[in-house]
Amino acid sequence: MGAVGQKYKNSAFLVSICSGLVLLAVAALVSGCAGQAGTGTRSQRGDTLGGQPLKAPPAPAAELQADKTVIRAAALRAERARTAAARRWSLKQVPLVAPPAPAEKPRITTRRGFEVDGHEENGLPPVFTTIPTDRRIVFLTIDDGAEKDPAFLRMMSELNVPYTAFLSDYLIKGDYGYFARMRDRGVVLNNHTLHHPYLPALSYTRQKREICGMQDVIEKRYGTRPLLFRPPYGNYNEDTLRAARSCGVRYAPIWNEEVFVDHWEYRESDQEIHPGDIVLSHFRGRGEWKGTMPDMVRRFLDKVTAEGYAVARLEDYL
């Protein structure tokens, strides 16, 4: 089988007074029995008026205005905090805020040319580089886990920038706690295999061990079993996707651009960012880069913000 390689929700008239009194007595008796039949308090029985449930009166206009004022004040505080954070982290502009997650998720399919034999017919996880959307949003994904920079965690939290991590056990096992703190900040931790091998060179059994083994590590250490898996180097074959599906993976996102400390690399010939693009980077520091992870984030945010893009959370679109 071939391997796929990459660069990178009426009334009645009463006849007599006597008969009228009888009717009233009967009515009272029936009413009393009905009351005895009910249980609980009025609110528990669900009182009605004219056969319709009673409704609370509308909130006074003053209360509604007060609510709006509180919301506006909270939004203003958040914007001021983002502005202060952008200044503190030396960004050229305040990052744009992504729109709310869509109520109806887009349909994710494998990018043309990235299929393996029987891909859709066998229900294998789709491989994609972009989320289908017209919104000016991109998605930041960071791989492996080699660098564990506390400043990076602070920066992303203060700026409230979402991202998705794809982790390899051999690089994170020295400090599982760092990625627990990342998870506690709302980051989803996903699968990048145990040892980051070139998967197409391995048998199905060995690929399954690499992928499912990492599923087990993340579930044990962080409490959830990932739905996303990224093959190392973006290289995979049919066995890779079969193995991933067997241990609960639903999606295999790769990337359309990669950002480093000092430059960008592009998959498309136009060398441009597009709506819905998935951007790759890595957990790296001065030992391998000409700078730090905050330096990489700064380059990433300065470019996407200048071009009118916000950073959205990948899992919100899957």
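The figures here come from the full heavy-atom set of this structure, side chains too, leaving out hydrogens, waters and symmetry mates.
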Do other residues, nucleotides or ligands put more than 12 heavy atoms under 6.0 Å from [X] [atom1]?
X      : atom1 : result
Arg206 : CZ    : no
Asp270 : CG    : yes
Gln271 : CD    : yes
Arg80  : CZ    : no

Are Asp239 and Lys208 within salt-bridge range, i.e. N to O under 4.0 Å?
no
Any salt bridge between Asp184 and Arg181, counting N to O under 4.0 Å?
no
ILVMFWY network linking [X] to [Y], side-chain heavy atoms under 4.5 angstrom:
X      : Y      : answer
Val261 : Ile142 : yes
Leu199 : Leu241 : no
Val304 : Phe260 : yes
Trp289 : Phe283 : yes
Val188 : Tyr251 : no

Over-ring placement of [X] relative to [Y], 6.0 Å and 45° cut-offs:
X      : Y      : result
Arg221 : Phe179 : no
Arg136 : Tyr309 : yes
Arg230 : Phe166 : yes

Applying side chain to side chain contact (heavy atoms under 4.5 Å, CB included), run through Asn190 and Glu315 and close with a yes or a no.
CA-CA 11 Å; Asn190 289 296; Glu315 289 79 8; 3.4 Å; yes
Worked check of side chain to side chain contact (heavy atoms under 4.5 Å, CB included) between Lys92 and Thr305:
CA-CA 9 Å; Lys92 294 178 180 178; Thr305 305; over 6 Å; no
For the residue pair Trp264 and Tyr266, does the interplanar ring angle fall in the parallel (under 30°), tilted (30 to 60°) or perpendicular (over 60°) class?
parallel
Hey, can you tell me if Tyr233 and Tyr198 have their rings parallel, tilted or perpendicular (30° and 60° cut-offs)?
tilted
Atom pair [atom1] ([X]) and [atom2] ([Y]), whose distance is rounded to the nearest 0.5 Å:
X      : Y      : atom1 : atom2 : result
Tyr178 : Leu153 : OH    : CG    : 3.5 Å
Asp295 : Thr292 : CG    : OG1   : 3.0 Å
Asp143 : Glu258 : CG    : CD    : 8.5 Å
Ile211 : Phe229 : CD1   : CZ    : 4.0 Å
Phe139 : Arg313 : CZ    : CZ    : 11.0 Å
Glu115 : Glu238 : CD    : CD    : 13.0 Å

Quick one: closest heavy-atom pair of [X] and [Y], and the distance?
X      : Y      : result
Cys212 : Ala243 : SG-O, 3.9 Å
Ala146 : Arg284 : CB-NH1, 3.6 Å
Thr164 : Val187 : CA-CG1, 4.5 Å
Leu96  : Ala310 : O-CB, 3.6 Å
Pro102 : Pro106 : CG-CD, 4.4 Å
Ile273 : Lys303 : CD1-CE, 3.7 Å

Taking [X] for its side chain and [Y] for its backbone only, find out whether a donor-acceptor pair lies under 3.5 Å.
X      : Y      : value
Arg88  : Glu158 : no
Thr240 : Asn237 : yes
Arg245 : Pro125 : no

Could you check whether Phe152 and Tyr163 have their ring centres less than 6.0 Å apart?
yes
Given the rule in the side chain to side chain contact (heavy atoms under 4.5 Å, CB included) test, do Gln215 and Val249 qualify, once you have shown the distances and angles that lead to the verdict?
CA-CA 9 Å; Gln215 292 284 90; Val249 169; 3.9 Å; yes
Do [X] and [Y] meet the criterion of a side-chain donor-acceptor pair at a distance under 3.5 Å?
X      : Y      : result
Thr129 : Arg267 : no
Tyr170 : Asp144 : no
Glu272 : His274 : no
His119 : Thr110 : yes

Would you indicate whether the side-chain heavy atoms of [Y] and [X] approach each other to under 4.5 Å?
X      : Y      : result
Val297 : Trp89  : no
Leu228 : Thr141 : no
Ile254 : Ile278 : no

Step-by-step side chain to side chain contact (heavy atoms under 4.5 Å, CB included) determination, Phe128 to Leu318
CA-CA 12 Å; Phe128 52 99; Leu318 300 175; 4.0 Å; yes
Glu257 vs Arg299, salt bridge (charged side-chain N to carboxylate O under 4.0 Å, His left out): CA-CA, chis, key distance, verdict
CA-CA 13 Å; Glu257 295 88 23; Arg299 174 171 289 273; over 6 Å; no
